[in-house]
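Okay, so here's the structure we're looking at.
Below, chains carry the letters A, B, ... as their sequence lines are ordered, and counting in each starts from 1.
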Amino acid sequence: MVRNSSPCFASATTISRIVRRGELSTLFLKPFSPSSKTSTPLPTPVDKFLKTDRKNAKANNINDALDHFDHMLQMHPPLPMSYFNSLLAAVAKNKHYNHVYSMYGRILDADLEPDFITLNILLNSCCTLQRVSLGFAVLGVIYRKGYRPNIVTFTSLIKGMGLEGKIGEAVQLFKKIIELGCRPNIKTWGILINALCRSGHSEKALDLHRKMGSGTVPSGSKFKTNLVCYSTIIDGLCKEGLMDKAKELFLEMEGQRISPDVVVYSSLIHGLCDAGEWEEAKGFFITMLDRGIRPNVVTFNILINALCKEGKLSEANGLLDLMIQRVENPDVITFNTLMDGLCLEGKVDDARELFVSMAAKGHECNVISYNILINGYFKCRRSDEAMRLYREMVQKGCKPMISTFNSLLTGLFQDGMVEDARKCFADMQVYGITPESSTNNILLSGFCKNDCLIEAMELFHNLEKSGCELQIETFNCILDGLCKGGKLDIAIELFGTLSERGLVPTVVTYSIMIHGFCKAGNLEKASNMFLEMEEKGCAPNLVTFNTLMRGFCISNEADRVIELLQRLAEREFLPDASTLSVVIDLLSKDDRHMKYLNLIPTFPIQA
DNA sequence: GTAGGGTTAG
């Protein structure tokens with residue numbers, strides 16, 4: 001890298017835009033001059049702050065740190081920048097990144113001269129706050145002051161990009177720094193692996209890991225990966241359902257004489273539970289215990305969750321007892337998991353009881369606790385109680401999240417409480433929460449299902465006008481509303497615009513249109529759409545079959561229904577209640593069709 | 001001196 005070169009990654013326009021907005025204007029106010037060295041001793045209160053157990057630092061420590069910072073700023077002669085750097089580093093380690101940002105401004109205000117380390121700490125704080133553009137602005141300052149960014153600088157930028165979900169850009173920057181002759185180290189690799197896994201590219205991370213081990217990575221360096229790198233990839237593979245690869249990597253890790261710990265075991269157990277490999281998960285849990293690795297609250301939570309999802313509530317409670325016996329205190333996640341298990345079984349009152357007892361035991365419930373209970377009440381069609389709980393959470397100062405509003409809107413629309421849903425949507429805006437595409441979909445289908453098609457169309461047009469990219473699922477909502485609301489012609493027109501919008505209809509889209517045609521009695525068009533979807537490589541599912549069969553059944557076209565039943569049998573689809581109701585209707589029209597009953601492969605009805 | 005780091009709930 002060349003000293004004094006212009007920043008090669010931040011575009012000049014990005015930086016100037018930030019400066020114009022005044023966000024980082026303070027960064028540019030002071031000209032560069034070498035700092036003077038003094039030998040003032042480190043003030044003892046700062047020393048105290050630095051010595052705090054950083055992991056367990058209490059929140060009020062930041063106030064101490066800020067007090068000391070004030071004190072440091074007033075000292076004459078001024079302290080060397082390295083003292084400020086130590087304090088900034090400690091504040092950053094305690095995750096008070098916003099304070100790093102404001103402290104930096106005050107250093108400039110005091111006419112002190114930040115050095116390269118100060119700027120690296122600031123840049124890292126910006127990146128960790130997912131403000132990579134600010135990070136690049138700091139990079140600009142680094143260059144402007146004649147410093148050379150180092151691997152620490154670039155590692156922070158790569159981290160920020162990963163956090164912002166810009167994985168492609170992160171990989172590009174990684175390649176770029178190698179080209180520039182900057183050698184990535186194990187921390188850089190760790191960050192890149194983490195970013196890949198977080199964005200669902202665990203196999204790429206695995207590939208990188210293999211190349212690292214063999215020294216065939218672009219930088220040519222050979223790294224011995226560590227437990228954390230292995231654990232990150234194993235967890236990523238588990239989350240993507242690639243259990244065989246995860247287990248293989250686990251064995252490889254042990255082959256490298258890296259001992260597994262509770263985290264990697266927890267990841268594997270979680271993956272196995274999600275894959276329904278309950279016995280194997282249990283096996284891993286037992287091996288873990290045999291090897292003297294203590295399960296922690298996370299491990300227990302994973303197991304309790306798996307049991308709850310299987311409806312095995314008493315076993316889940318048994319595990320809770322075991323957990324308490326082993327002096328592993330349950331936390332808010334344990335309680336939320338159990339509450340959700342109860343709600344899944346329709347036992348919302350028991351869940352509520354647990355919720356109340358939780359507070360009594362000194363566990364503070366959080367927004368997710370409320371979300372779980374609100375969902376539980378709606379599921380039991382107790383909308384009033386759900387709404388009461390919502391008001392309670394607001395009153396208690398627990399800020400609802402987008403998911404809270406999604407649940408409320410879903411429940412209210414489901415219960416036909418359109419006016420409440422409108423109010424709820426307004427509330428959401430008061431909280432400054434921007435609707436997600438899922439929120440828009442809930443609103444669209446909610447309005448449609450409650451005979452407010454015009455309101456739905458208005459919303460849809462506003463979304464289109466706002467220029468936000470609409471996904472096929474959003475179109476599915478409005479198409480369904482149009483078809484069911486007797487506006488098939490508009491639906492057909494809209495459906496026709498999908499390809500020019502770059503959207504590919506899904507099996508849901510086709511099923512909606514087929515339903516629309518059937519409803520309008522246009523069975524030929526419905527049938528054609530069924531053929532068209534297959535031609536385009538979109539396989540019909542049970543819903544598509546049921547929809548078309550019902551259409552034919554209503555029009556007394558028994559032969560066509562039977563033909564479809566035959567195809568259903570060929571594809572080994574399990575019939576569901578809807579399929580059977582079509583068959584029953586068919587039989588009620590003409591019991592000579594009884595012989596076709598054998599087309600239904602297995603009679604136990606699929607839920 | 002400054003960069004990481006993995007597991008759980010809706």
Side-chain angles (χ1 to χ4, degrees), chain A residues 50 80-90 92-93 100 114-125 127-128 135 142 147 149-160 162-163 184-195 197-198 205 225-236 238-239 253 260-271 273-274 295-306 308-309 330-341 343-344 351 365-376 378-379 400-404 406-407:
Chain A
L50 297 179
M81 194 45 56
S82 60
Y83 289 67
F84 288 96
N85 291 346
S86 299
L87 184 61
L88 285 173
K93 274 274 187 295
V100 171
D115 64 14
F116 177 53
I117 302 296
T118 326
L119 291 166
N120 262 356
I121 297 169
L122 175 68
L123 183 142
N124 182 52
S125 297
C127 289
T128 312
I142 288 174
Y147 296 122
N150 62 8
I151 189 61
V152 176
T153 324
F154 290 127
T155 302
S156 298
L157 287 167
I158 292 170
K159 176 177 73 176
L163 288 174
N185 57 28
I186 186 72
K187 292 192 180 184
T188 325
W189 286 107
I191 281 176
L192 195 64
I193 283 176
N194 188 261
C197 290
R198 281 168 57 110
T225 50
N226 54 21
L227 174 63
V228 174
C229 285
Y230 269 110
S231 180
T232 307
I233 305 173
I234 288 171
D235 185 62
C238 287
K239 291 215 167 88
M253 182 182 90
D261 67 353
V262 60
V263 176
V264 71
Y265 264 110
S266 299
S267 285
L268 278 167
I269 291 169
H270 187 212
C273 287
D274 276 356
N296 61 16
V297 59
V298 178
T299 327
F300 279 110
N301 286 347
I302 289 166
L303 290 166
I304 289 173
N305 184 41
C308 284
K309 294 291 176 290
D331 62 7
V332 61
I333 298 182
T334 322
F335 288 108
N336 286 349
T337 306
L338 287 164
M339 271 165 48
D340 192 48
C343 287
L344 282 174
C365 47
N366 60 18
V367 56
I368 296 178
S369 322
Y370 280 104
N371 284 359
I372 290 168
L373 264 189
I374 287 173
N375 272 326
F378 276 126
K379 204 171 155 256
M401 290 168 42
I402 180 90
S403 49
T404 318
N406 285 349
S407 298

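A donor and an acceptor atom, one from each side chain of A:K159 and A:N194, are nowhere located under 3.5 Å apart. A:S82 and A:N85 are not linked by any side-chain donor-acceptor pair at a separation below 3.5 angstrom, with hydrogens and angles left out of the test.
The side chain of A:K159 contributes an N or O atom lying less than 4.0 Å from OP1 or OP2 of B:dG4. In this model, the phosphate group of B:dA3 is approached by a side-chain N or O of A:K93 to a distance below 4.0 Å at OP1 or OP2. Applying the 4.0 Å criterion to OP1 and OP2 of B:dT8, one finds that A:H270 has a side-chain N or O inside that range.
Taking all atoms of both residues into account, the shortest heavy-atom contact from A:T225 to A:C229 is CB-CB, 4.0 Å. Across A:L344 and A:C308, no two heavy atoms sit closer than the pair CD1-O, 4.3 Å.
Contact annotation for A:L227: base contact, defined as any heavy-atom pair under 4.0 Å involving a base atom. Residue A:S267 is classed as a sugar-phosphate contact, given heavy-atom separations below 4.0 Å to backbone atoms only. At the heavy-atom level, A:V367 lies nowhere under 4.0 Å from the strands shown. At the heavy-atom level, A:I186 lies under 4.0 Å from base atoms of the strands shown. Within 4.0 Å of A:M401, counting heavy atoms only, lies at least one base atom of the nucleic acid. Among the atoms of the strands shown, none is found under 4.0 Å from any heavy atom of A:K379.
Contact check on A:D340 versus A:K309 returns a salt bridge, with a Lys/Arg side-chain nitrogen under 4.0 Å from an Asp/Glu carboxylate oxygen.
Taking atom CD1 of A:I372 as the reference point, atom C1' of B:dT8 lies 12 Å away to the nearest angstrom. B:dG6 atom P lies 18 Å from atom OH of A:Y230, rounded to whole Å. If you take CZ of A:R198 and P of B:dG5, they are 8 Å apart, rounded to a whole angstrom. In this structure, the CG atom of A:D340 is 10 Å from the P atom of B:dA9, given to the nearest Å. Distance NZ (A:K187) to C1' (B:dG1): 12 Å, rounded to an integer number of Å. Rounded to an integer number of Å, the gap from A:N301 CG to B:dA9 P is 9 Å. When rounded to the nearest whole Å, the span between CD1 of A:I121 and P of B:dG4 equals 11 Å. A:I234 has its CD1 atom 18 Å from the P atom of B:dG5, to the nearest Å.
A donor-acceptor contact under 3.5 Å is formed by the side chain of A:S231 with the base of B:dG6. On a pure distance criterion of 3.5 Å, no polar donor-acceptor pair joins the side chain of A:N150 and the base of B:dA3. Contact annotation: side chain of A:N120 to base of B:dG1, donor-acceptor pair absent below 3.5 Å. Between the side chain of A:S266 and the base of B:dT7, a donor-acceptor pair under 3.5 Å is found.
Closest approach to the A:S82 side chain among B:dA3, B:dG6, B:dG1 is made by B:dG1 (side chain taken as heavy atoms from C-beta onward). The side chain of A:I117 approaches B:dG1 more closely than any other nucleotide in the set B:dT8, B:dG1, B:dA3. Considering only the side chain of A:N124, B:dA3 comes nearest among B:dA3, B:dG6, B:dA9. For A:K309, taking side-chain heavy atoms from C-beta onward, the closest of the listed nucleotides B:dG6, B:dG4, B:dA9 is B:dA9. Looking at the side chain of A:A89, the nearest of the listed nucleotides B:dG5, B:dT7, B:dT2 is B:dT2. In this structure, the nucleotide among B:dT8, B:dA3, B:dG6 sitting nearest to the side chain of A:T188 is B:dA3. Of the listed nucleotides (B:dG4, B:dG5, B:dA3), B:dA3 has the atom at the smallest distance from the side chain of A:I151.
Looking only at distances, a side-chain donor or acceptor of A:D261 sits under 3.5 Å from a matching main-chain atom of A:V264. Side chain of A:S231 to main chain of A:V228: no donor-acceptor pair is present (N/O by atom type, distance under 3.5 Å, no hydrogens or angles).
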